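Excluded from the calculations below are hydrogen atoms, water molecules and symmetry mates; all remaining heavy atoms, backbone and side chain alike, are included. These numbers were taken from a predicted model, which means no experiment stands behind them.
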Amino acid sequence: MRPRPALVSDSPSSWYGVGGGAGPRDPTGLDAGRNLINGCLGVDVHTYSEMFCHLRPVRRLCLEKICPHWFLSSRTLSGAEAINALRPFYFAVHPDFFGQHPREREVNENSLKRLSVYLENLQKPGFKSLKPTQLTFYVRETEQNSSEGQEPFSTSGFRAVKFTLHTRDLLSTVLYILNSCSLSVEHIQSSNTNVRPQPLKEAKRMPDRPIKWDKSYYHFTGFKDPHEDPEQVSRMETTLTSWLDNNGKSAVKKLKNSLPLRKELDRLKGDLSHQLQLSDIRWQRSWGVAHRCSQLQSLGRLAQQNLETLKNAKGCTIIFTDRSGMSAVGHVMLGTMDVHHHWTKLFERLPSYFDLQRRLMLLEEQISYLLGGIQVVYIEELQPVLTLEEYYSLLDVFHNRLLKNRIPFHPRSLRGLQMILNSDRYAPSLHELGHFNIPSLCDPANLQWFILTKAQQARDNMKRKEELKVVENELIQASTKKFSLEKFYKEPSVSSIQMVDCCKRLLEQSLPYLQGMHLCISHFYSVMQDGDLCIPWNWKDGEAIK
């Protein structure tokens with residue numbers, strides 16, 4: 001291991017975006033006339049070569065030891081290029097995709113903050129060296145990292161990746177991150193012809209030493225215990241009846257203890273909705289009842305101090321979430337980590353947000369007109385959480401591309417069809433629910449061909465979706481009645497097809513533990529802190545036990 005340079009910057013900066021540092025910066029990320037080699041600031045190379053031309057072979061040898069050949073012959077990345085190169089990585093680890101896994105979501109949020117600081121410091125003029133930064137990410141299964149021969153994903157569709165950053169430039173950092181997460185670097189190779197995937201010596205997807213978890217861990221999560229005999233695991237496989245037998249009493253106790261708080265939550269929600277004339281109050285994440293009550297009490301105190309300002313939200317839906325602003329669908333988002341001052345500023349700005357919302361709706365209508373009447377929609381359950389400004393910018397980019405490349409759709413020929421616009425895909429696709437997924441930067445000619453050839457299939461899918469929704473609602477009502485459930489609902493990530501299959505099999509069972517309970521259909525077994533029972537939609541019945 002090389003000795004650490006004498007001058008080291010160990011103090012972390014605030015979390016800004018990549019390239020968010022102050023002051024002018026060279027497009028290459030390096031000061032003019034200077035070179036950053038292995039974290040050390042050197043004088044101009046040309047001047048150096050004139051002074052010590054006889055040492056050129058030695059200098060070259062040293063550089064080869066420090067930097068690999070592909071790096072010496074390839075250009076550096078700017079901050080904007082680094083962001084673009086890391087898009088597959090951000091898409092695979094973005095916290096918004098881990099809504100049903102709060103622990104993993106929090107790990108990714110914290111790691112992204114530390115990564116942002118690291119990238120920010122790399123671009124600061126005159127930096128000397130960076131302290132090695134160890135990061136852990138939960139990486140979702142995507143098209144780029146789902147190939148054979150890689151580490152299998154868990155039943156939840158993600159895996160943990162651990163690596164330590166000790167790189168000295170943006171390009172090697174970006175490559176190291178992508179390689180660590182088994183993501184493609186081909187999009188970087190296209191602009192850096194000498195870039196080749198590097199072997200990973202320190203990226204770890206397994207702990208430093210083997211860990212044997214307690215059996216309760218596998219029982220709770222449903223993961224397979226690698227140390228168990230396969231036949232024994234099959235015999236001990238968790239079934240719905242066995243899990244309810246073991247956890248039903250605990251859930252009943254937690255639910256009973258939470259009832260006073262649940263009543264208080266309903267009262268606070270009703271009072272605030274009436275006082276501020278709100279359409280609804282919701283939560284983006286699965287916070288407990290006590291946490292929700294605290295958030296409503298905080299909003300109530302603000303209403304006592306600034307009632308007239310908060311009345312700007314009349315008719316709106318308020319959502320408690322991770323950041324403040326207005327959502328793409330026009331909901332007022334209150335960041336739970338923000339103080340009253342930030343909330344007050346948001347309510348003061350609502351009139352300007354309403355103006356932007358009207359412009360956004362007009363933009364959607366213009367896009368619809370250019371595309372033969374297809375309706376532009378935003379589906380919260382299927383898209384990343386975007387602010388109104390972010391969504392407007394996305395629509396504006398797409399609209400400008402349509403204006404420059406007019407597509408000859410017959411007016412109103414696509415009425416009744418729907419599309420969602422996104423920036424995370426590279427080719428248009430048709431969702432099983434009947435709507436089109438359209439990338440904002442897709443080729444207009446390809447878009448026309450794709451929509452026209454898939455239009456009838458889209459109509460058929462939408463018809464099946466409506467029929468399935470009717471069946472789903474009927475089965476939910478039947479299940480609620482049969483088991484005398486107090487509340488029966490599903491996670492947004494559970495599709496209607498999965499819910500219908502789950503309910504049909506539930507109605508064939510006799511489950512006395514469910515009487516008076518709050519039942520949530522999810523992807524895993526869990527007893528929530530307030531007594532809600534979560535069961536996977538594809539639960540196993542008693543006959544699965546051998």
Side-chain angles (χ1 to χ4, degrees), residues 8-30 36 39 76-99 101-140 142 158 160-181 183 185 187-188 202-203 285 321-325 333 335-338 342 384-387 389-390 393 423-424:
V8 180
S9 175
D10 287 341
S11 58
S13 63
S14 301
W15 182 22
Y16 299 101
V18 178
R25 185 174 293 128
D26 187 275
T28 63
L30 304 178
L36 286 173
T76 58
L77 292 183
S78 66
E81 289 172 329
I83 293 177
N84 188 58
L86 284 174
R87 281 182 60 188
F89 165 74
Y90 289 130
F91 184 63
V93 303
H94 198 286
D96 285 347
F97 291 105
F98 291 81
H101 307 280
R103 185 178 70 86
E104 288 78 7
R105 176 191 178 101
E106 184 177 1
V107 169
N108 281 10
E109 286 176 344
N110 293 332
S111 294
L112 281 173
K113 291 178 182 179
R114 298 176 62 202
L115 173 60
S116 181
V117 172
Y118 190 92
L119 296 176
E120 167 82 9
N121 289 335
L122 275 180
Q123 300 172 84
K124 288 182 177 179
F127 84 101
K128 301 296 182 181
S129 178
L130 294 180
K131 181 179 180 181
T133 302
Q134 188 177 82
L135 299 175
T136 300
F137 285 101
Y138 287 93
V139 182
R140 297 186 309 114
T142 64
F158 54 79
V161 175
K162 177 182 176 183
F163 55 86
T164 301
L165 290 178
H166 48 73
T167 48
R168 307 303 186 202
D169 63 277
L170 279 178
L171 178 57
S172 59
T173 302
V174 168
L175 289 170
Y176 188 75
I177 292 172
L178 294 174
N179 281 319
S180 298
C181 299
L183 295 170
V185 296
H187 57 296
I188 307 178
E202 297 191 24
R285 293 173 60 181
T321 180
D322 297 321
R323 55 176 173 168
S324 297
M333 302 189 303
T336 56
M337 300 301 292
D338 293 336
H342 297 113
V385 178
L386 298 177
T387 64
E389 300 95 326
E390 292 169 342
S393 176
S423 59
D424 295 323

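- Taken to the nearest 0.5 Å, the CG atom of Asp169 stands 8.5 Å off from the CG atom of Leu175.
- When every heavy atom of Thr136 is checked against every heavy atom of Val107, the shortest pair comes out as O-CG1, 3.5 Å.
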**Asked** Between Glu109 and Leu112, does a side chain to side chain contact (heavy atoms under 4.5 Å, CB included) hold up when you go through it step by step?
**Response** CA-CA 5 Å; Glu109 286 176 344; Leu112 281 173; 6.0 Å; no

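- In terms of the side chain to side chain donor-acceptor pair (under 3.5 Å) criterion, Thr133 has no residue partners (sequence neighbours excluded).
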**Message:** Between Leu115 and Ser111, is the side chain to side chain contact (heavy atoms under 4.5 Å, CB included) condition met? List the steps.
**Reply:** CA-CA 6 Å; Leu115 173 60; Ser111 294; over 6 Å; no

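- Ring geometry for Phe163 versus Phe137: interplanar angle under 30°, hence parallel rather than tilted (30 to 60°).
- Closest heavy-atom contact between Thr387 and Met333: CG2-CE, 3.9 Å.
- With sequence neighbours excluded, no residue satisfies side-chain contact (heavy atoms from CB on, under 4.5 Å) with Ser393.
- Put simply, CZ on Arg140 and NE2 on His94 are 10.0 Å apart, with the number rounded to the nearest 0.5 Å.
- Looking at every heavy atom in both residues, Val161 comes nearest to Ser180 through CG1-O, 3.4 Å.
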**Message:** Checking Arg323 against Glu389 for the salt bridge (Lys or Arg N to Asp or Glu O under 4.0 Å) test, could you report, in this order, the C-alpha distance in whole Å, the side-chain angles of both residues, the deciding distance, and whether it holds?
**Reply:** CA-CA 13 Å; Arg323 55 176 173 168; Glu389 300 95 326; over 6 Å; no

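- Residues passing the side chain to side chain donor-acceptor pair (under 3.5 Å) test with Asp338, sequence neighbours excluded: Ser324.
- Nearest approach of Leu178 to Phe89, heavy atoms of both residues: CD2-CB, 4.0 Å.
- With rounding to the nearest 0.5 angstrom, the NE2 atom of His166 is 10.0 Å from the OG1 atom of Thr173.
- A distance of 9.5 Å separates SG of Cys181 from CG of Leu86, quoted to the nearest 0.5 Å.
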**Request:** Could you go through the side chain to side chain contact (heavy atoms under 4.5 Å, CB included) check for Ile177 and Leu165 one step at a time?
**Result:** CA-CA 8 Å; Ile177 292 172; Leu165 290 178; 4.1 Å; yes

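- Remark: side-chain polar atoms of Asn108 are paired, donor with acceptor, to backbone N or O of Tyr138 under 3.5 angstrom.
- The heavy-atom pair separating Phe158 from Glu104 by the smallest distance is CE1-CG, 3.6 Å.
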